[in-house]
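Take a look at the structure below.
Because the structure is predicted, anything quoted here is derived from the model rather than measured. Just so we're on the same page: letters track the sequence lines, and every chain starts at 1.
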Amino acid sequence: MGGGTVTGGRPEGALPELPEVEITRRHLEAVLSGRVLESLSLTHERTARHNASPDEVMTRLQGRRVMAVGRRGKFLEITLDDGQTMVTHLGMSGRWAIDADETIPHTHFVARLDDGRTVSFIDPRTFGFVAVYDDEDLAGSGLARVGPDAWADPPDVDGLAQSLRGRTAPIKALLLDQTPIAGLGNIYADEVLFRAGIHPLTPGGSLDAVQLGSVLGSVQDVLAEAISNGGTTLDDLAYLLPDGNAGENMMSLDVYGRKGEPCPRCGSPISRIVVRSRSTHFCPTCQAGP
DNA sequence: AACGATCCCTGTTGGC
DNA sequence: TGCCAACAGGGATCGT
């Protein structure tokens, strides 16, 4: 067990990426849509860091009705009835829980709804946040810099080619950048490149149309599988779905966290390198070097 | 502009 | 056994 550590060559911990955020969105949508936020409790300064203070967040949310729960990349956008938007990001260790025990450690935010239910934000490492924006705030926020959603609004080959043109950074780094395509994190970026047969250090701008098509197809395959499996829980104490269950996608990971294990396609030992300070797993045979 | 480095943060672990 | 440095990573920010 453990958060973000390596044991026996297998990293553990929670890494909320697009599938985990999408599953969270669906749960929150079911509970929040049409409901009024009656009472708020935001008890951690850092969780409110995108606003002036926790008090400001609570005041601006108080009494608002939820109109819609959307998602772009790994950001959740909760549209309110007065034109404001509540934006939340799970960071590394954040999760939303429904009707949870409010004494769970690292519970930084609780909203009680007009039907008596509650939604809680639990985030040990506080990389996540809860923010309230008006339109002007939103335009200057991190959400405004996020590119097309990898699942709901994926770019086509020409669009991706255009955003990668001339880029010399490794494709792994560009997949994590959230600008060319939004929603992939460290796990699924590695899985996508494995399925596409592309070495993670390949300069992004050097990929041809066939390779970009393969990347985009792999993105859809990897995300569809992860969502249908309920997301990836690497650690039964870390990432949990809002209903408290664990995702079952870990068994479907081909390369992430499998350094030294045989490639599921060719049997070569999986390699681990570091790209942009992020652990990167690939098959040296199936993903020939740049 | 593009790219890389640095920082934030905490639970867990491996080394001593 | 116990202490503690090292490690994991998304996004913001800054320097080159």
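OP1 and OP2 of B:dA2 both lie 4.0 Å or more from every side-chain N or O belonging to A:Arg167. The shortest distance between the side-chain N/O atoms of A:His106 and the OP1/OP2 oxygens of B:dC9 is not below 4.0 Å. Close to C:dC7, at under 4.0 Å from its OP1 or OP2, lies no side-chain N or O of A:Ser279. Dashed line: the shortest gap from a side-chain N or O of A:Gln178 to OP1 or OP2 of C:dG11 is under 4.0 Å. At C:dG11, one or more side-chain N or O atoms of A:His89 fall inside 4.0 Å of OP1 or OP2 (strictly under the cut-off).
In this structure, OG1 in A:Thr118 is found 12.0 Å from CG in A:Leu40, a value given to the nearest 0.5 Å.
When the C1' atom of B:dT10 is taken as reference, atom CG of A:Leu90 falls 17 Å away, rounded to whole Å. Atom CZ in A:Arg165 sits about 14 Å away from atom P in B:dC3, given to the nearest Å. Atom C1' of nucleotide C:dA8 and atom CD1 of A:Ile273 are separated by 17 Å, given to the nearest angstrom. Distance, A:Ile104 CD1 to B:dT10 P: 18 Å, rounded to whole Å. Rounded to whole Å, the distance from CZ on A:Arg72 to C1' on C:dG10 is 17 Å. Rounding to whole angstrom units, NE2 of residue A:His281 and C1' of C:dA8 are separated by 11 Å. One interatomic measurement links the two molecules: CZ of A:Arg46 to P of C:dA12, which rounds to 11 Å at whole-angstrom precision. Summarising the geometry, the separation between CD on A:Glu20 and C1' on C:dG10 is reported as 13 Å, rounded to the nearest angstrom.
Between A:Trp96 and A:Phe121, the ring-plane angle classifies as tilted under the 30° and 60° cut-offs.
Residue A:Arg125 places a side-chain atom within donor-acceptor reach of the base of C:dA8, judged by atom type and a 3.5 Å distance cut-off alone.
Mapping A:Pro170 and A:Arg278 onto DNA chain B by nearest heavy atom places A:Pro170 at the nucleotide closer to the 5' end.
Ion pairing between a basic and an acidic side chain is recognised when a charged N comes within 4.0 Å of a carboxylate O; A:Arg72 and A:Asp149 show no such pairing. Ionic pairing of A:Arg26 and A:Glu29 is not present here: no N-O contact between side-chain nitrogen and carboxylate oxygen is shorter than 4.0 angstrom.
Here A:Ser277 lies in heavy-atom contact (under 4.0 Å) with a base.
The listed nucleotides are B:dC3, B:dC9, C:dG11; the one nearest the side chain of A:Leu174 is B:dC3. In the set B:dC3, B:dC9, C:dG10, the nucleotide with an atom closest to the side chain of A:Glu17 is C:dG10. In the set C:dG10, C:dA8, B:dC3, C:dA8 carries the atom at the smallest distance from any side-chain atom of A:Arg272. Of the candidate nucleotides B:dC9, B:dG4, C:dA12, C:dA12 has the atom lying nearest to any side-chain atom of A:Arg145.
Of the N and O atoms on the side chains of A:Arg64 and A:Gln84, not one donor lies less than 3.5 Å from an acceptor on the other residue.
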